[in-house]
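A short worksheet on the structure shown next.
Worth knowing before you read on, the calculation uses all heavy atoms, side chains too, and leaves out hydrogens, waters and symmetry mates.
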Amino acid sequence: MPLRFWKKEKPEKGKPEKEPEKPPKVEKERPAAKPAPAETVVKQEPSAKKPEEKPAPPPTPSKPGEVEVFVNEAHAGLVDLGLTVAPTKAAFAKRIAAYPGGEGAFVAEYRTAPYKAVTRVLADWLGFHVPETFELDAILKEVNPRLSSFKLTLAAKDATWLDQELNLRKAKLILGDQEKVVRFKDARDFLKGVNELLAGRKLAFLELETWADDFAFLLVRDPRWDKLKNPELVVIKADQTATGGECGECGAPVGKYWSDCLKCGAVFG
């Protein structure tokens with residue numbers, strides 16, 4: 001993509017900034033008078049495209065019974081993936097009604113990007129969100145109520161900073177008779193350490209894509225990785241689901257709809 005921008009600027013960069021004072025040329029050269037780095041040009045692209053993206057606001061109103069059809073379809077898909085059980089359909093339907101913008105907004109997004117609509121509902125319904133910066137006590141308050149269903153409790157002690165600028169910390173995790181020292185800079189790192197303690201119990205906290213700066217997780221028993229690899233209904237971020245290509249920065253495998261790379265943190269799109 002950067003190549004495209006360079007091609008656009010080459011003819012203008014070739015002209016010296018102090019070209020003849022012809023009025024027509026002054027107008028043509030003004031954009032090139034500030035030859036910004038490719039980054040700046042990229043940042044300007046979204047604003048240039050905004051007018052083209054605006055013609056989509058009026059969402060097509062949902063047809064009678066369409067919400068119910070989508071609820072049934074999405075819930076059945078989640079059951080098949082092993083992320084919920086059949087008796088929870090009524091609770092799932094209530095979450096659709098509480099979708100930002102209401103059922104109509106859910107239907108509009110489900111039509112164009114079902115994976116995004118369903119992943120967001122799942123994160124707010126059975127999962128939990130963790131901000132970029134968090135306190136250990138706050139994340140334990142989310143983790144332990146979920147582990148309690150399996151008669152487990154996680155404790156963290158001896159938390160210390162390793163590098164505040166990098167937001168790097170370490171702590172000792174205790175789960176039953178297991179202990180593990182983990183180094184982490186975000187919730188993703190922290191829960192990787194927790195998952196290592198849970199591996200023998202066939203439990204795992206799966207990361208759900210949020211397409212934002214925060215993180216979302218869902219506790220699952222014995223994840224069905226063969227089915228979770230398909231991101232068309234739910235976007236799970238894990239090494240096992242990195243089947244959509246590779247990161248342009250570090251070359252690591254990435255998922256089809258991921259917003260960033262698990263290995264180097266590069267942000268896509």
Side-chain angles (χ1 to χ4, degrees), residues 1-2 42 78 81-83 113-124 126-134 136 138-140 142-143 146-147 154 156 162-171 173 175 180-269:
M1 189 168 172
V42 174
L78 292 176
L81 291 174
L83 300 178
Y115 60 89
K116 191 171 280 191
V118 176
T119 303
R120 284 174 170 165
V121 171
L122 187 61
D124 293 339
L126 298 178
F128 61 94
H129 290 263
V130 183
E132 257 191 311
T133 57
F134 64 93
L136 282 179
I139 198 169
L140 290 176
E142 296 287 359
V143 166
R146 290 162 173 82
L147 289 177
L154 178 72
L162 298 176
D163 189 324
Q164 285 192 311
E165 283 188 19
L166 295 175
N167 200 36
L168 185 62
R169 291 177 275 179
K170 76 170 182 176
L173 301 184
L175 185 74
K180 180 179 180 59
V181 175
V182 295
R183 294 158 57 96
F184 59 96
K185 58 180 173 50
D186 54 32
R188 177 183 291 160
D189 289 343
F190 180 81
L191 284 166
K192 271 185 187 174
V194 175
N195 282 341
E196 288 173 15
L197 292 174
L198 292 172
R201 295 173 168 85
K202 294 187 176 180
L203 291 171
F205 282 97
L206 304 187
E207 181 181 349
L208 301 170
E209 181 59 88
T210 64
W211 297 279
D213 292 333
D214 66 340
F215 298 87
F217 301 93
L218 173 71
L219 180 62
V220 174
R221 183 173 184 81
D222 203 6
R224 300 177 185 175
W225 294 115
D226 56 329
K227 293 187 175 184
L228 294 173
K229 283 180 184 177
N230 182 351
E232 298 306 322
L233 187 66
V234 176
V235 182
I236 305 291
K237 296 182 78 168
D239 292 333
Q240 294 92 328
T241 62
T243 57
E246 61 181 40
C247 173
E249 290 292 325
C250 69
V254 298
K256 185 176 179 182
Y257 300 117
W258 292 7
S259 66
D260 68 336
C261 175
L262 286 175
K263 300 299 181 188
C264 71
V267 178
F268 312 132

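Side-chain atoms of Arg224 and Leu81, non-hydrogen and from C-beta on, never get closer than 4.5 Å to each other. Looking at heavy atoms from C-beta onward, Lys237 lies out of side-chain contact with Leu206 at the 4.5 angstrom threshold. Put simply, the side chain of Lys227 does not reach to within 4.5 Å of the side chain of Leu83, judged on heavy atoms. Trp225 is not listed as a side-chain neighbour of Asp239, based on a closest heavy-atom distance of 4.5 Å or more. Between Phe217 and Val130 the shortest side-chain heavy-atom distance falls below 4.5 Å. Using a 4.5 Å cut-off on side-chain heavy atoms (C-beta onward), His129 and Thr210 make contact. The side-chain heavy atoms of Pro223 and Leu228, taken from C-beta on, include a pair separated by under 4.5 Å. Side chains of Phe205 and Val143 form a contact here, defined as non-hydrogen atoms less than 4.5 Å apart.
Rounded to the nearest 0.5 angstrom, Leu147 CG and Leu198 CG are separated by 6.0 Å. Rounding to the nearest 0.5 Å places CZ of Phe134 at 8.5 Å from CZ of Phe215. Here Thr241 contributes atom OG1 and Lys229 contributes atom NZ; the two are 9.5 Å apart, rounded to the nearest 0.5 Å. Here the CH2 atom belonging to Trp258 is positioned 10.5 Å from the CD1 atom belonging to Ile236, to the nearest 0.5 angstrom. Put simply, CG on Asp186 and CG on Asp189 are 4.5 Å apart, with the number rounded to the nearest 0.5 Å.
Closest approach of Ala187 to Ile139, counting heavy atoms only: CB-CD1, 4.1 Å. Among all heavy-atom pairs drawn from Cys250 and Cys247, the shortest one is N-SG, 3.5 Å. Residues Glu232 and Pro114 approach most closely at O-CG, 3.9 Å, considering heavy atoms.
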List the steps and the verdict of side-chain contact (heavy atoms from CB on, under 4.5 Å) for Leu175 and Arg201. CA-CA 11 Å; Leu175 185 74; Arg201 295 173 168 85; 3.8 Å; yes

Would Val254 and Leu262 count as a side-chain contact (heavy atoms from CB on, under 4.5 Å) if you check the C-alpha gap in whole Å, the side-chain angles of each, and the deciding distance to 0.1 Å? CA-CA 8 Å; Val254 298; Leu262 286 175; over 6 Å; no

Could you walk me through whether Leu203 and Val220 pass side-chain contact (heavy atoms from CB on, under 4.5 Å), step by step? CA-CA 6 Å; Leu203 291 171; Val220 174; over 6 Å; no

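In this structure a side-chain-to-backbone donor-acceptor pair under 3.5 Å is missing from Asp260 to Ala266. Between the side chain of Thr119 and the backbone N or O of Val235, at least one donor-acceptor pair lies under 3.5 Å. A donor-acceptor pair under 3.5 Å links the side-chain atoms of Glu209 to the main chain of Ser259, judged by distance alone. In this structure a side-chain-to-backbone donor-acceptor pair under 3.5 Å is present from Asn167 to Lys185.
One finds no salt bridge joining Asp163 and Arg183 here, because no Lys/Arg side-chain nitrogen approaches an Asp/Glu carboxylate oxygen to under 4.0 Å. Here Glu142 pairs with Arg146 in a salt bridge; the nearest charged N to carboxylate O distance falls below 4.0 Å.
The side-chain contact (heavy atoms from CB on, under 4.5 Å) with Phe184 is formed by just one residue from the set Leu168, Leu136, Leu173, Val194; it is Leu136.
Classified by interplanar angle (parallel below 30°, tilted 30° to 60°, perpendicular above 60°), the ring pair Tyr257/Tyr115 is parallel.
Within a 6.0 Å sphere centred on CD of Gln240, other residues, nucleotides and ligands contribute more than 12 heavy atoms. Heavy-atom contacts from other residues, nucleotides or ligands closer than 6.0 Å to NZ of Lys263 number 12 or fewer.
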